[in-house]
2 protein chains.
Amino acid sequence: MKDKSSYYNVIETLISLFTVDKGVIKIFLLRKKLDPYKGYWMLPGSILREDETLEENIKEVFETKIGLEDIEVKQSHLFGDLDRIVNNRVLAINYIGLVDFVTVDLKQDIEEIEYQWFNINQIPKAAFDHNNIILNAISDLKDVLVNSNSLKKLFPSDFTLREIQDVYEQILGYELDRRNFRKKFISLDLIEPTGMMNDGYSGRPAKLYRFKDKIKERDLF
Amino acid sequence: MKDKSSYYNVIETLISLFTVDKGVIKIFLLRKKLDPYKGYWMLPGSILREDETLEENIKEVFETKIGLEDIEVKQSHLFGDLDRIVNNRVLAINYIGLVDFVTVDLKQDIEEIEYQWFNINQIPKAAFDHNNIILNAISDLKDVLVNSNSLKKLFPSDFTLREIQDVYEQILGYELDRRNFRKKFISLDLIEPTGMMNDGYSGRPAKLYRFKDKIKERDLF
DNA sequence: ACAAAAGTGTTAACTTTACACCCATGT
DNA sequence: ACATGGGTGTAAAGTTAACACTTTTGT
């Protein structure tokens, strides 16, 4: 047992925010403006003050660094390596959030911040241990997305069945038979046609669907 | 934004260690010897020093406060309420561990500590917010125990099929048909008979089984 | 008319459920 | 011989998997 060590630690929150844009799962990253790692990409987050709860901190990060409000998050993993931030012991608690791309388009307008949505298969070199944390979040994402209510957050309305199938193929890592997928998904009684069509793309236009108001929570796959 | 607040926080680790004794899932708790909450039960744990990793801290807790070694743990939830410890902001990171009851019987001999294994349906009044944390751990336990490798940690050898069924009935919250359960479990090809029988109980003695050496990771239920 | 993607139905294989009687042991 | 809990098989229902052609639209 060492004697002079302190029991005070610095904790930062990090947010792994995902969306789906035309069937592709993407994560929100910020461009780091200062050294160290200037120019690298990173997860949004902030240092936890001793007088605020985790939830309060997360809310503030969403408002000031992401430009969104009222996004529900799920706690993921606590990272505590001694050397994850050079010369400082900073623990990081990562949260996973989901937001639909329409909401993103409408609300997100933090002018002074350089951000980008990255395809989860094309994550750039990130600051600190954020590449590792991102991979961990993507892995946890799979457990989140099999749930019908999570899916509804990503696709509240006006999606095609193909887009949902694309998401499942990404998180499962293999292809699904279109006929079987549709039969199964429609039989869950979670969605209804909006009556609109997805025009403007090549090929036959697809029906657009929305999630029903009250859906029963359920795991697919 | 408040100004005078500090960015230094105290973090404690907590361990929710589970075992199964004759088909009953139990959790390991310590009796608190000092005020506040003197005499109440609590989860083992310790304050994290700034110069140790989470894993190092957990290892030490196992050795000094539980009397076991080399138990693999899985990180569960970080609790960050401001008032969870009176007058102090202490965050708690909870870990879930599994240990088979035979190992417990052999190794656990920390004389000076008053501990007890509690049936998870009969948790006593616990110190601080530990009742809440215990309930959270029990809920996370379900996700752990559906996995074949976790089950193997609880039952390395000399268990009856009925004991496994009991565990599943507890985590699922409903009864299973004995015939169907056996057929399914045996068909997984995870276990083999030891050749011994579970004598000394009323009724016909049950066959004893052990998990095979190399089993494929798989989720049941 | 061709390219592109949407939409659709049937059958076989597999998995899950429901269900009742006999067996081995101790008292 | 009775009480206790272990061990077993079969059929029906439900789910999943495999598989190919037609439709709608834009060019």
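First the proteins, then the strands, lettered A, B, ... as listed; each starts at 1.
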Integer-rounded Å distance: C/dC19 P and B/Leu176 CG:
15 Å
Whole-Å gap separating C1' (C/dA5) and CG (A/Leu161)
13 Å
To the nearest angstrom, the CZ-P distance between A/Arg182 and D/dT22 comes to 18 Å
Judged by each residue's nearest nucleotide on DNA chain C, which is more toward the 5′ side, A/Arg178 or A/Ser202?
A/Ser202
Pairwise distance OG(A/Ser187) to CZ(A/Arg182) - rounded to 0.5 angstrom
13.0 Å
In whole angstroms, how far is the C1' atom of C/dA5 from the NZ atom of A/Lys22?
16 Å
Donor-acceptor contact present, side-chain A/Gln170 to main-chain A/Gly23, <3.5 Å:
yes
Got a list of protein N/O to nucleotides 15-18 of chain C N/O distances below 3.5 Å?
unit_1 : atom_1 : unit_2   : atom_2 : d
C/dA18 : N7     : B/Asn180 : ND2    : 2.9
C/dA18 : N6     : B/Asn180 : OD1    : 3.0
C/dA18 : N6     : B/Lys183 : NZ     : 3.2

For the helix from C/dA1-D/dT27 to C/dT27-D/dA1, how many degrees between its two end axes (five pairs per end), to the nearest 10°?
0°
Nucleotide D/dT24, atom P - distance to CG of A/Asn198 in whole Å
17 Å
Taking atom CG as the centre, does A/Asp219 end up with more than 12 heavy-atom neighbours from other residues, nucleotides or ligands that are less than 6.0 angstrom away?
yes
Does any N or O in the side chain of B/Glu163 come within less than 3.5 Å of the main-chain N or O of B/Thr160, such that one atom is a donor and the other an acceptor?
yes
A/Glu55/A/Lys59 ion pair, N-O < 4.0 Å:
no
Rounding to a whole Å, what distance do you find between B/Gln165:CD and D/dG5:C1'?
12 Å
How many Å lie between CZ on B/Arg204 and P on D/dG6, as a whole number?
10 Å
After noting the C-alpha distance and the side-chain angles of B/Arg210 and B/Glu192, does the key distance pass the salt bridge (charged side-chain N to carboxylate O under 4.0 Å, His left out) rule?
CA-CA 6 Å; B/Arg210 71 169 76 94; B/Glu192 58 195 5; 3.3 Å; yes
Is the A/Tyr40 to A/Phe128 ring centre distance short of 6.0 Å?
no
Rounded distance (Å) that lies between atom C1' of D/dT25 and atom CE of A/Met197:
10 Å
Can you say whether the rings of A/Phe211 and A/Phe159 are parallel (under 30°), tilted (30 to 60°) or perpendicular (over 60°)?
tilted
Any side-chain to backbone donor/acceptor pair from A/Glu169 onto A/Leu176? Under 3.5 Å, distance only.
yes
